[in-house]
Structure formats: structure tokens, C-alpha cells
Protein chains: 2
Amino acid sequence: MTAVTIQCCAPIAREPLSETDAADLAVMLKAVADPVRLRLLSMIGSHAGGEACVCDLTDAFDLTAPTISHHLKVLRTAGLIDGERRGTWVYYRIIPEAVNRLGALFAPLTEPAPRSVELELTPA
Amino acid sequence: MTAVTIQCCAPIAREPLSETDAADLAVMLKAVADPVRLRLLSMIGSHAGGEACVCDLTDAFDLTAPTISHHLKVLRTAGLIDGERRGTWVYYRIIPEAVNRLGALFAPLTEPAPRSVELELTPA
DNA sequence: CTCCTGTTTAGAAGTTTGTCGAAGTAGTTG
DNA sequence: CAACTACTTCGACAAACTTCTAAACAGGAG
């Protein structure tokens, strides 16, 4: 059921990116091109249950709550994470499709021609 | 022989990135988090022979030569490309290991446990 | 309702980044 | 050597970014 569904742009070395695709991807990459946001994304994604509370995230850094909130907003605006308030706390989780899109962009491409490069994730 | 050899950091959602790894990766991601540099990288990687001359790259953009040169330097400093002068022209090519490192970072991770995720590139 | 905690918004200060024009280096050709 | 082309370095400046403090908003407890 977790179909992965990688689509948007071929690996970066297959064919030149269009101006539009490049601009589009740059937004996502900019969001992830910061040490704090990288760690936030990693913490959220690797947290038990696939989601993490802002309170946990804030405690893990030597930064103020507004700063963490700002970084989370950047990740959210870029479509990489999604947040939900449940009672007192707000929980964030990764949007896998977005992360997969980045993975596909930098996927290894040993041959110029599309050989049989397959990810064996769902053995059917 | 193209062993790929992906190593450095587990996928982003496997375990929280260390502060050092995050800072390290952020340098590479910052280099790639710009529409012009993304297109440059893509043009270089997808160019015939695996390398492109600066003259070709400069012509493809509406930017001055110094600006293109600056962007190439950012990519080079980040370890993503390497340049070589041959006679009159300078040629740049992608460093695959660096790009693969980014690919590994965003590789899909459907299960928390390390299942049999294998890239079938060298059928031995 | 009032107070307290968790989170976001608003505004400001300091730094980094993208771009340019001008000038410098490298190699080819006459 | 002189002139020309290809590319890089330098210095400058506007725009964008990271971080902070202060203040607002949201929900739970007394």
C-alpha cells in the first residue's frame, strides 16, 4: 500500500532540469539546506509513531521557541511536513512523498540510459 | 566497478542526525538549493561525455560570466563537481559519490527497521 | 473568569547570499 | 610581444535569511 510513487523530475543527471522544475525543487531544497531544519526533519521522521511534538523539538536545541516555530513553518510551507494540534500540543509529521521527490532527484544514475534500477520495497 | 558506495548518514527518517552531520550535509544542500545551481548541476551531469564547458553553461543563462563562475565555485567548494582546464576551456563534471550521498539521505524508508532495500545496479 | 503553559505572529538587528561591473589570470593566435 | 578569448577574483550593494524580544493566540486547570 505504501506505493512510494516517485514522480516529478528524472534524476538530476538524466536530462537538464527545466527552469520551472528547478525553481520548484529549489524551494524544497532551501527548506532543507539548514542544519537546524535538517535535524528537525530527522527528529520528526525518526520519532516514535512518526510524529513529534513541538515541545520535544524545542528542548533539543539551544534556540528560542519562536525560532523553532519559524523553522517548522519553513518546512511546512515547503510541503515537507504537516502539523496538527491535539489538545495542548502540536504534532508534526513528515510528508513522505515530498522527501521521496528529493530522493528521486539524487538517485544514482550509473548509465545514461534508463537501466533496470528498481527499489525492492514491496515484494508484492 | 561502479560500486556506488553510499555511506555517511542513514536516511533522514531512520535516526536523528547528529549536529555535525547536519552541518556537513547542510553545506552540500545549500549549494544545491538554488535554481541556477540546480540547473547547472543538471546540465553538467546530463551533458554528453559527462562533462560540460563553462562556455556552454554561461550561454544557457541570462546571467553574466562572473555570476556563473561564482555558482560553479559554490558547487565545487561543496564537493559536488570538479573542474579541469584543457587548453582554452574549462570543463566541469559531477562527483557521483557526493550526489549519491544526498540520494541516500532522502532515500525512501517505509519501515523503521532496515529491511531488504537494495539497489540492483551491478548484476554481477 | 483568571492564570498558566505551549505555540505562533510581528518587528528588528545582524549576517549571508546573489548579482553585477571592473579588473586580473590563463591560454591561443597573429 | 601584442591582441584576443575564456574564465576567475575583487569590491560593492540590494535582497533574503537567521535569530532574537515582545506580544498575541489557544487550550487546560483552578
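This is a predicted model, so every value here is computed, not measured. So you know, we letter chains A, B, ... as the sequences are listed, proteins then strands, and number each from 1.
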For C/dA10, does either OP1 or OP2 sit under 4.0 Å from a side-chain N or O belonging to A/H70? no

Between C/dG27, D/dC20, D/dT9, spot the one nearest the side chain of B/R85, thanks. C/dG27

Pick base, sugar-phosphate or nothing for B/Y91, based on heavy-atom distances below 4.0 Å to the nucleic acid. nothing

Applying side chain to side chain donor-acceptor pair (under 3.5 Å), can you list everything that pairs with B/T64, at least two apart in sequence or on another chain? B/T67

B/F61 CZ to C/dC20 P: how many Å, rounded? 12 Å

Selected nucleotide, minimal atom distance to A/R76 side chain, candidates C/dA26, D/dT18, C/dT8: C/dT8

Between C/dT28, D/dC7, C/dT8, which nucleotide has the shortest distance from any of its atoms to the side chain of B/C53? D/dC7

Under 4.0 Å, heavy atoms only, any strand: does A/Y92 hit a base, just the sugar-phosphate, or nothing? sugar-phosphate

Side-chain ion pair, B/R101 and B/D24, N-O less than 4.0 Å: yes

Taking the side chain as everything from C-beta on, heavy atoms only, tell me whether B/L105 gets closer than 4.5 Å to A/F106. no

Is A/I68 touching bases, backbone alone, or none of the nucleic acid, heavy atoms closer than 4.0 Å? nothing

Starting at CG of A/D62 and ending at C1' of D/dC20, how long is that distance when rounded to a whole Å? 13 Å

Selection from C/dT19, D/dT8, D/dT18 that lies nearest to any side-chain heavy atom of B/T67: C/dT19

Can you pull out the residues from residues 27-48 of chain A that lie within a 4.0 Å heavy-atom distance of DNA chain D? A/K30, A/D34, A/R37

